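Here is the naming used below: chain letters follow the sequence lines, and residue numbers restart at 1 for every chain. Since we're looking at a predicted model, the values are computed, not measured.
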Amino acid sequence: MTKVKSLADLKAMREKFQSNLDVREKSNNQEEMVQIKVAMATCGIASGAKQIMEYMMEKADAMKIRVVFTQTGCMGYCHAEPTIEVKVPGRDPLVFGHVDNKKADEIFEKYILNNEMVDGIIPVNYEVIDK
Amino acid sequence: MAKYKMHVLVCGGTGCKASQSAQIVENLKAVLTENGLQDEVQVITTGCFGFCEKGPIVKMMPDNTFYTQVKPEDARTIVEEHIIKGRKVTNLLYTDPENNEHVSDSKHMGFYKKQIRIALRNCGFIDPENIDESISRGGYEALGKCLSEMKPEDVIQEIKLSGLRGRGGGGFPTGLKWEIASKNHADQKYVVCNADEGDPGAFMDRSIMEGDPHSIIEAMAICGYAIGATKGLVYIRAEYPLAIDRLQIAIKQAREYGLLGQDIMGSGFDFDIELRYGAGAFVCGEETALIHSMEGKRGEPTFKPPFPAVSGYLGKPTNVNNVETFANIPVIITKGADWFNKIGTEKSKGTKVFALAGQINNVGLIEVPMGITLREVIYEIGGGIKDGKEFKAVQTGGPSGGCLTKKHLDTPIDYDNLIAAGSMMGSGGMVVMDETSCMVSIAKFYLEFTCEESCGKCTPCRIGNKRLCEMLTKISKGNGTMEDLYELRNLAAVIKDTALCGLGQTSPNPVLSTLDNFWDEYVEHVVDKKCRAGVCKSLMSYEIDQTKCVGCTACARNCPVGAIKGEKKMPHTIDPAVCIKCGACIERCKFGAISIK
Ligand SMILES: Cc1cc2nc3c(=O)[nH]c(=O)nc-3n(C[C@H](O)[C@H](O)[C@H](O)COP(=O)(O)O)c2cc1C
């Protein structure tokens, strides 16, 4: 069993364990963070939504961007799966289709970081009623 | 280690556990495994969320969806709908009583909006049986900071500056108490955590220990460092098995990590904690009685001075603090006194945890900033009075406190205002009453409790309270006189002035405050022989409406004392001298002919 031998030790432990609680900590101030919803209905999963979500989670960690990932049901763009919705604080949500690892990189590096446009945006013509 | 995408928090407080929350956890895990999701979704048992009215609570993270009154069989729906398909299970969402809309995020619920959580910061957020989760939230960092960066005097100074006052009832400044204990030199000193929590209806301390035991351990160690003690004792009632369990687990984990024991974090400071069990006597919450009980003596109080800080456990300097007081300490050390003393009122800093109970919509555990008004607590957080009835009074401070009324609704709640209003903060019980509560009966209820719990050592408490109780009984039976009302006041004043300990000195408060605030109701009982709330049986009379009675004889046949007379098919009558007001006749009458006057 590891012993905590100093305050520095304790802080290192905190650092190590912290990511385990990340999912919970983030939920407290979702509005201030980038939120990515991944469509995870059968069609999404079949076209690799799960792998994409995992890839993006790692990417977010590596880039040290705080992102709340949630999975949602079918968004209705079965032709463009995997689809994700990205909501950056202060901007309107955007839906991207046909997301693969390369596209995900672009979304993170261009859109999320620098607010540059990226191809593959699906025009959204409905309002979300349920908040 | 697997990285979970989603966390499901299930309340494992005593209340929710009683409603099968452990079964919910098991079912969730089983259905997750069935769907191959056991490595993606983590299920965690936490401490109390506070919203006990609608328990068991299940909270989904990170989307913060708050499910209420969940049953074990709902586990499948939650997994299949929410987790797999990403659709909220609407029938488990909380419905806002104001507009009948579903609220999914707890942040938007009236119950949580006005709360500030310091003492309850980790309750309902972490797994109390896992020290790593506590550490991820900064647990034990305050202790580390004290040991490596602060001298004991600095710690005491910080607590003094914070303005923290004891949450166990008296409201004594905590920093000052520590300072006194630190200045008394002895070969051994003790830190005691008072977890007796004897007020009827109170469960603040229990919930903190069940939801965040590590914060108590950390705070006791900080106190030990500040006053120069190496031993800590938690005095906890044996009726709190879950809290005892979790404390024991936490102590064991802290020892394994070297956060209790010798040379903590390489500082050379030693500290360890043991539990002491109480048998659930109210008087044992009083600090001198508590210390005697821990020494294996009768749980009776002794005169102060000497105060425990001078001569306490085994005659050594002892610092006694309440559970909630301790729960505030680590936050004050980490965030600083300046942060803490900005919350609250001039003389009462920080927050207070209350257990909301009685005729209120949202029964539960809340933590609010000092200075909030009763109106905000009752109507905004508590959701108002049950069944749309009218607010009559709120009892604070338990058997030592009093009743506050409509005229106090806008008084900011703090130690001094409550005392000025004839009640007290107490440990945080808040019982809300509507128009169907009789204030004489309420006073009688608390006096009966005190008579039962008085240790009998001093005469004013043992005999005086008994006399008060007898007079209240006489009044509620309709035999009271105006003289009795004046005598109640006199005797109450004598008991307050002469009783040995805090129990007797405060026990007349429920009588005095109801006399002050509900004098008319007392007068009605003795002069008009009426109980407007319809609670005092002896003051009610049953009557049969002669125009409605058809003479079916159902009432007469069911009256256990033969008080109802009349011929078949002719209206019946009740003999009030014989009637025992049991209500059996009303239940049987199919014609609504019998009423209570
Ligand atoms: C009859 C009686 C019962 C008490 N019960 C409790 C109790 O259950 N819990 C508690 O913390 N303090 C209780 N107290 C107050 C304690 O004597 C003591 O003041 C308190 O534990 C000090 O801690 P604090 O300064 O942190 O509030 C009680 C006092 C009296 C007179």
Examine whether an atom of A:Lys26 lies under 4.5 Å from a heavy atom of chain B, and if so say whether it belongs to the side chain, the backbone or both; otherwise answer neither.
neither

Does A:Asn115, at its CG atom, have more than 12 non-hydrogen atoms belonging to other residues, nucleotides or ligands within less than 6.0 Å?
yes

Over 12 foreign heavy atoms within 6.0 Å of CG, A:Asp119
no

Per-residue contact mode, A:Val68 against chain B (heavy atom under 4.5 angstrom)
side chain

How far does CG of B:Leu147 sit from CG of A:Leu10, to the nearest 0.5 angstrom?
10.5 Å

Would you compute the distance between atom CD1 of B:Ile135 and atom CD of A:Glu15 and round it to the nearest 0.5 angstrom?
13.5 Å

Does any heavy atom of chain A fall under 4.5 Å from the side chain of B:Leu9, the backbone, both, or neither of them?
side chain

Which portion of B:Asn130 sits near chain A, non-hydrogen atoms under 4.5 angstrom:
neither

Chain A contact via B:Glu40 - which portion, at a heavy-atom distance below 4.5 Å:
side chain

For the student: nearest non-hydrogen atoms of A:Leu21 and B:His7, plus distance:
CA-CE1, 4.4 Å

How about B:Glu34: does its CD atom have over 12 heavy atoms from other parts shown lying under 6.0 Å from it?
yes

Under 3.5 Å: donor-acceptor pair, side chain of A:Arg24, backbone of B:Met61
no

Contacting region of B:Met6 [heavy-atom separation from chain A under 4.5 Å]
backbone

Pick one of side chain, backbone, both or neither for A:Glu25, based on which atoms fall under 4.5 Å of a heavy atom in chain B.
both

Looking only at B:Gln42, B:Lys85, B:Lys59, B:Glu141, the option with the highest number of non-hydrogen pairs under 4.5 Å against chain A is B:Glu141

Heavy-atom pair of closest approach, residues A:Phe17 and B:Ser136:
CB-OG, 3.3 Å

CG (B:Asp263) and NZ (A:Lys3) are apart, to the nearest 0.5 Å, by 10.5 Å

Cut-off 4.5 Å, heavy atoms of chain A, and the answer for B:Ile84 is backbone

What's the spacing between B:Ser267 OG and A:Lys5 NZ if we round to 0.5 Å?
14.0 Å

Please give me the minimum heavy-atom distance between A:Leu7 and B:Gly144, naming the atom from each residue.
CD1-CA, 3.7 Å

